[in-house]
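Just so you know, these numbers use all the heavy atoms, side chains as well, and skip hydrogens, waters and symmetry mates.
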There are 2 protein chains.
Amino acid sequence: MCGDPLLLKNQLCFPIYACAREIIKAYHEPLSKLDLTYTQYLVMMVLWEEREKSVRELGECLYLDSGTLTPLLKKLEAKGYIVRERCTEDERCVIVSLTTEGDALREKARAVPRCMAAKSPLTQEEAETLYKTLYKLLHVLHGES
Amino acid sequence: MCGDPLLLKNQLCFPIYACAREIIKAYHEPLSKLDLTYTQYLVMMVLWEEREKSVRELGECLYLDSGTLTPLLKKLEAKGYIVRERCTEDERCVIVSLTTEGDALREKARAVPRCMAAKSPLTQEEAETLYKTLYKLLHVLHGES
DNA sequence: TCAAATTAAATTGTGTACAATCAAATCACA
DNA sequence: TGTGATTTGATTGTACACAATTTAATTTGA
């Protein structure tokens with residue numbers, strides 16, 4: 001056991017980073033049936049909840065900037081799940097909203113969380129603690145920059 | 001409070017994904033002084049520990065495949081931190097090893113974990129629990145696929 | 001022993017991510 | 001009211017990630 005902070009095994013950041021990628025890989029299979037990538041699925045989840053959001057609001061919800069969202073939203077529009085239109089009151093904004101198809105996709109998506117829950121080895125308590133700790137970290141890292 | 005598993009706030013995967021990205025962003029500043037990206041830093045950490053690894057071994061340590069590692073290693077080689085050479089006993093393998101410069105970089109890198117530790121709001125106990133839970137998740141997600 | 005299976009990297013193609021910059025629209029206030 | 005600052009998306013350039021395929025080298029078994 002060695003306390004050198006430059007060892008990979010002593011890094012907290014590494015398992016977070018590696019877990020995030022493994023989770024995205026695990027989502028690949030259930031999401032491929034919906035023709036969605038993981039990030040596209042996150043955007044759809046926000047819209048299933050609210051139906052209509054500006055690009056800026058989506059970025060705030062998902063901690064993503066327009067450089068990521070703009071091309072991604074164009075792909076979702078090409079698939080027919082959303083539409084993008086300039087807001088008439090403020091022409092700087094683009095409003096993203098669900099199409100009928102995008103809304104209907106929600107029902108097919110209900111299988112996804114079930115599929116993923118089956119892959120997790122965590123107890124309810126472990127999952128809750130993990131959730132709280134991650135949000136604590138997330139708020140601090142994002143808040144003060 | 002709503003238990004719908006399709007709500008973003010009820011997802012455990014999302015804070016993991018968002019945290020991972022915020023952490024990489026937070027590393028940007030200290031690592032820019034070493035002319036390294038976060039993933040390049042992970043590779044260097046493995047080599048500072050072992051000095052010599054094949055591409056396959058690096059991939060196993062970091063959960064990365066050759067499609068990611070090959071171009072990244074070429075960049076590290078161009079910077080002069082590593083060399084890549086075919087293994088003579090088994091020509092299928094490429095051995096990656098530190099140059100003198102790459103080894104010397106380790107001393108400059110000691111500031112990085114200090115800088116990052118200062119940004120974390122977690123207690124020692126929270127960090128340890130987080131670490132253990134993430135590795136539990138990581139091993140299961142990576143092991144059975 | 002030699003062809004089939006396996007292994008290791010590299011390549012190709014798609015899709016994020018984000019820093020930095022730009023351009024257009026709106027706002028603020030002198 | 002008009003101009004400088006701000007806000008919002010889009011664009012550009014760089015750097016991962018990974019699935020799928022390819023190529024070359026090694027191993028295995030009939």
Side-chain angles (χ1 to χ4, degrees), chain A residues 14 17-29 31-32 34-44 53-60 62-79 82 84-96 141-142 145, chain B residues 13-14 17-29 31-32 35-44 53-79 84-96 141-142 145:
Chain A
F14 175 64
Y17 163 74
C19 257
R21 286 186 293 112
E22 291 298 326
I23 288 172
I24 291 174
K25 268 194 254 185
Y27 267 100
H28 187 83
E29 181 223 330
L31 286 179
S32 66
L34 311 185
D35 190 24
L36 290 177
T37 65
Y38 179 69
T39 317
Q40 290 166 10
Y41 172 65
L42 291 180
V43 169
M44 293 304 289
K53 284 275 191 193
S54 72
V55 174
R56 182 185 60 75
E57 288 169 327
L58 282 173
E60 279 168 7
L62 301 173
Y63 302 89
L64 291 170
D65 71 4
S66 68
T68 302
L69 284 173
T70 297
L72 187 151
L73 293 171
K74 286 179 180 173
K75 279 168 209 152
L76 283 177
E77 189 171 40
K79 292 182 211 270
I82 64 164
R84 295 159 64 245
E85 42 199 347
R86 286 278 164 193
C87 178
T88 42
E89 302 99 73
D90 185 342
E91 293 267 348
R92 290 172 304 181
C93 304
V94 167
I95 301 295
V96 179
L141 287 177
H142 190 70
S145 62
Chain B
C13 59
F14 175 64
Y17 162 76
C19 258
R21 288 187 292 112
E22 291 299 325
I23 288 172
I24 291 174
K25 267 194 255 186
Y27 267 100
H28 186 84
E29 181 222 330
L31 287 179
S32 66
D35 190 24
L36 291 177
T37 64
Y38 179 69
T39 317
Q40 289 167 9
Y41 172 65
L42 291 179
V43 169
M44 293 304 289
K53 284 274 192 192
S54 71
V55 174
R56 182 184 59 76
E57 288 170 326
L58 281 173
E60 279 169 7
C61 291
L62 301 173
Y63 304 88
L64 290 170
D65 71 4
S66 68
T68 302
L69 285 172
T70 297
L72 186 150
L73 294 171
K74 285 180 180 171
K75 278 169 209 154
L76 283 177
E77 189 171 41
K79 292 182 211 271
R84 295 158 64 244
E85 41 199 350
R86 287 278 163 192
C87 178
T88 42
E89 304 100 69
D90 186 341
E91 294 267 348
R92 290 173 303 181
C93 304
V94 167
I95 301 294
V96 179
L141 287 177
H142 190 68
S145 64

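- Each of B/P71 and A/T88 has a nearest nucleotide on DNA chain C; the 5'-most of these lies closest to B/P71.
- For C/dT16, one of the phosphate oxygens OP1 or OP2 lies less than 4.0 angstrom from a side-chain nitrogen or oxygen of A/T37.
- Under 4.0 angstrom from either OP1 or OP2 of D/dA19 there lies no side-chain N or O belonging to A/S32.
- Taking 4.0 angstrom as the limit, A/R56 places none of its side-chain polar atoms (N or O) nearer than this to OP1 or OP2 of D/dA10.
- Side chain of B/T37 to backbone of B/Q40: a donor-acceptor contact under 3.5 angstrom is found.
- Distances shorter than 4.0 Å separate none of the side-chain N or O atoms of A/K75 from OP1 or OP2 on C/dT14.
- In this structure, the side chain of A/K53 does not engage the main chain of A/I95 through any donor-acceptor pair within 3.5 Å.
- In this structure, of C/dA19, D/dA19, D/dA25, it is D/dA25 that holds the atom nearest to the side chain of B/D90.
- Contact check for B/Y17 versus A/Y27: no side-chain heavy atoms found under the 4.5 Å cut-off.
- An OP1 or OP2 oxygen of C/dG15 is reached within less than 4.0 angstrom by no side-chain nitrogen or oxygen of A/K25.
- In terms of modelled atom types and a separation under 3.5 Å, the side chain of A/R86 and the main chain of A/V94 share no donor-acceptor contact.
- The side chain of A/K74 places an N or O atom within less than 4.0 Å of a non-bridging phosphate oxygen (OP1 or OP2) of D/dT11.
- With distances taken from any side-chain atom of B/I24 to the nucleotides D/dA17, D/dG9, C/dA9, the minimum falls on D/dA17.
- Distances were taken from every side-chain heavy atom of B/R21 (C-beta onward) to each of C/dT16, C/dA19, C/dC18; the shortest belongs to C/dC18.
- Judged by distance alone with a 3.5 Å cut-off, a donor-acceptor contact links the side chain of A/R92 to the base of D/dT7.
- The base of D/dA10 sits within donor-acceptor range of the side chain of A/S66, with an N or O pair under 3.5 Å.
- Across D/dT8, C/dG15, C/dA9, the shortest atom-to-atom separation from the side chain of A/C93 is found for D/dT8.
- Across all strands shown, B/L64 has heavy atoms under 4.0 Å from sugar-phosphate atoms exclusively, and none from any base.
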